[in-house]
Amino acid sequence: MKKFLKFENVTDLDLAQTLDCGQSFRWVEREDGGFDGVAFNRSVTVRLDGTDLYIENADESDRELWHSYFDLGLDYGKIREEISAIHPILADAAKYAPGIRILRQEPYEALCTFIISQNNNIKRIKGIVQRLCEQFGDRLPDGTYAFPDAEKMASLTADDLAPLRAGFRNRYLVDAARKVADGDVDLEKCRSCDYDEARRELMQITGVGVKVADCALLFGLHRIEAFPLDVWMKRAMATLFPGMTPGDFGQYAGIAQQYIFHYSRMNPKLFEQT
DNA sequence: ACCCAGGAAATTC
DNA sequence: GAATTTCATGGG
């Protein structure tokens with residue numbers, strides 16, 4: 001008898017759009033359309049059947065956890081309508097992938113994965129993250145691996161991380177782990193404190209600049225006003241939204257950002273000079 | 001061989 | 001201070 005959680009009347013969610021759009025790096029699509037992944041030291045399979053969302057192998061006591069993870073308390077349809085008024089191309093981008101949601105990932109995992117993301121590509125990021133979990137994360141009953149916590153990684157050296165083949169990012173990961181484990185960087189404080197202060201807090205870590213800080217804030221601490229500017233977004237801003245700044249996208253800028261990022265990545269022809 | 005990838009640190013000008 | 005180079009690794 002397999003246990004599962006069921007959420008009914010789930011709208012504005014597409015698993016592929018949400019789990020494979022570059023905000024999370026640990027979900028793998030199955031042949032049957034579900035996704036296998038690990039979060040919060042729990043290994044689950046996620047499946048969407050119409051508007052019924054199933055979290056397989058999850059306990060009933062974790063209902064609130066997964067409800068939060070998929071951000072089911074937020075009305076994305078309403079938000080999409082609201083931000084679509086800001087700019088017609090943003091409306092196109094939102095309509096292009098209306099099933100994107102901003103996950104509430106674990107803060108430390110988001111921080112680490114976006115440290116790894118710098119000057120890197122999504123495919124290779126996934127490989128490095130997978131090796132990080134297999135090498136240093138706790139083995140779960142089904143043979144998958146949890147994301148290693150800061151205390152565990154703080155006990156390592158950059159050389160210990162060599163098998164990840166993450167190159168120069170190894171020492172950044174160690175610095176992040178040590179500062180989080182020692183309390184020099186307070187991730188939980190960054191949920192609620194002033195945005196610029198949160199940025200400064202994270203940027204104490206070597207290897208964390210404005211962009212990585214913004215990604216950790218958006219994807220790990222659910223600061224949906226964050227608007228990370230990577231190479232894709234800089235191109236998109238210059239080409240599709242000339243003259244506009246992140247501040248022009250309002251309180252849901254982070255959601256707008258993700259629509260634009262995905263839209264741009266799926267339509268690279270938009271940026272080919274003719 | 002060269003260029004790029006969800007950047008940031010180190011160095012140079 | 002602002003602009004450029006370097007940093008590992010892998011794919012195209």
Exercise. Please state the P separation for the pair C:dA2 and B:dG6 - nearest whole angstrom.
Key: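 Roughly 28 Å separates the two P atoms.
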Exercise. At the 4.0 Å heavy-atom cut-off to chain A, mark where contacts on DNA chain B begin and end, going 5' to 3'.
Key: B:dA5 to B:dA10
Practice problem: Compute both the distance and the angle, then confirm whether A:Arg63 meets the cation-pi test with A:Phe7: under 6.0 Å from the six-membered ring centre, within 45 degrees of the axis. | Solution: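 That pair qualifies as a cation-pi contact.
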Residue list, side-chain hydrogen bond (donor to acceptor under 3.5 Å, both in side chains) with [X], at least two apart or on another chain:
{"X": "A:Asp159", "value": "none"}
{"X": "A:Arg47", "value": "A:Asp32, A:Glu56"}
{"X": "A:Trp66", "value": "none"}
{"X": "A:Tyr145", "value": "A:Arg139"}

Quiz item: Is there a donor-acceptor contact under 3.5 Å linking the side chains of A:His222 and A:Asp71?
Solution: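 Short answer, yes.
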Quiz prompt | Counterpart residues, side chain to side chain contact (heavy atoms under 4.5 Å, CB included), relative to A:Asp184 (two or more places apart) | solution = A:Lys179, A:Asp182
Quiz item: Between A:Phe147 and A:Tyr108, what is the ring plane arrangement, given parallel below 30°, perpendicular above 60°, and tilted in between?
Solution: perpendicular
Quiz item: Using 30° and 60° as the class limits, which term best fits the ring planes of A:Phe261 and A:Trp232: parallel, tilted or perpendicular?
Solution: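 A:Phe261 and A:Trp232: perpendicular rings.
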Practice problem: Please work out which residues in residues 153-178 of chain A have a non-hydrogen atom less than 4.0 Å from an atom of DNA chain B and list them by number. | Solution: A:Phe168, A:Arg171, A:Tyr172
Exercise. Go through residues 237-261 of chain A and report each residue with a non-hydrogen atom lying under 4.0 Å from DNA chain B, sorted by number.
Key: A:Gln257, A:Gln258, A:Phe261
Self-check item: Close aromatic pair by centroid cut-off 6.0 Å: A:Phe241 and A:Phe249
Solution: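 Between A:Phe241 and A:Phe249, the centre distance is under 6.0 Å.
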Exercise. May I have the step-by-step check of salt bridge (Lys or Arg N to Asp or Glu O under 4.0 Å) for A:Arg200 and A:Glu197, ending in yes or no?
Key: CA-CA 5 Å; A:Arg200 284 197 299 273; A:Glu197 188 183 343; 5.4 Å; no
Exercise. Could you check whether A:Gly22 gets within reach of a base, just the sugar-phosphate, or nothing at all, counting any heavy atom under 4.0 Å?
Key: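 Base contact - A:Gly22 has a heavy atom under 4.0 Å of at least one base atom.
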Quiz item: Which ones in residues 102-125 of chain A lie close to DNA chain C, meaning a heavy atom under 4.0 Å from one of its atoms?
Solution: A:Asn119, A:Arg124
Quiz item: Quick one: CD on A:Gln118 to SG on A:Cys215, what's the gap to the nearest 0.5 Å?
Solution: 11.0 Å
Quiz item: Going through the checks in order, is the side-chain contact (heavy atoms from CB on, under 4.5 Å) test met by A:Tyr195 and A:Leu217?
Solution: CA-CA 9 Å; A:Tyr195 190 81; A:Leu217 288 169; 3.7 Å; yes
Quiz item: Can you list every pair that meets salt bridge (Lys or Arg N to Asp or Glu O under 4.0 Å) and has a residue in residues 218-242 of chain A, with sequence neighbours left out?
Solution: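 Found A:Arg223-A:Glu225.
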Practice problem: Hey, could you give me each pair passing salt bridge (Lys or Arg N to Asp or Glu O under 4.0 Å) that has a residue in residues 204-218 of chain A? Not counting sequence neighbours. | Solution: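 Every salt bridge (Lys or Arg N to Asp or Glu O under 4.0 Å) pair that includes a residue of residues 204-218 of chain A, provided the two are not neighbours, is A:Arg199-A:Asp214.
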Quiz item: Mind checking which nucleotides bracket the chain A contacts on DNA chain C, 5' to 3', with an atom under 4.0 Å from a heavy atom?
Solution: C:dC7 to C:dG10
Practice problem: Please figure out whether A:Met203 or A:Cys215 has its closest DNA chain B nucleotide nearer the 5' end. | Solution: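 Whichever sits nearer the 5' end wins; that is A:Cys215.
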Quiz prompt | Comparing A:Ile205 and A:Leu229 on DNA chain B - which has the more 5′ nearest nucleotide | solution = A:Leu229
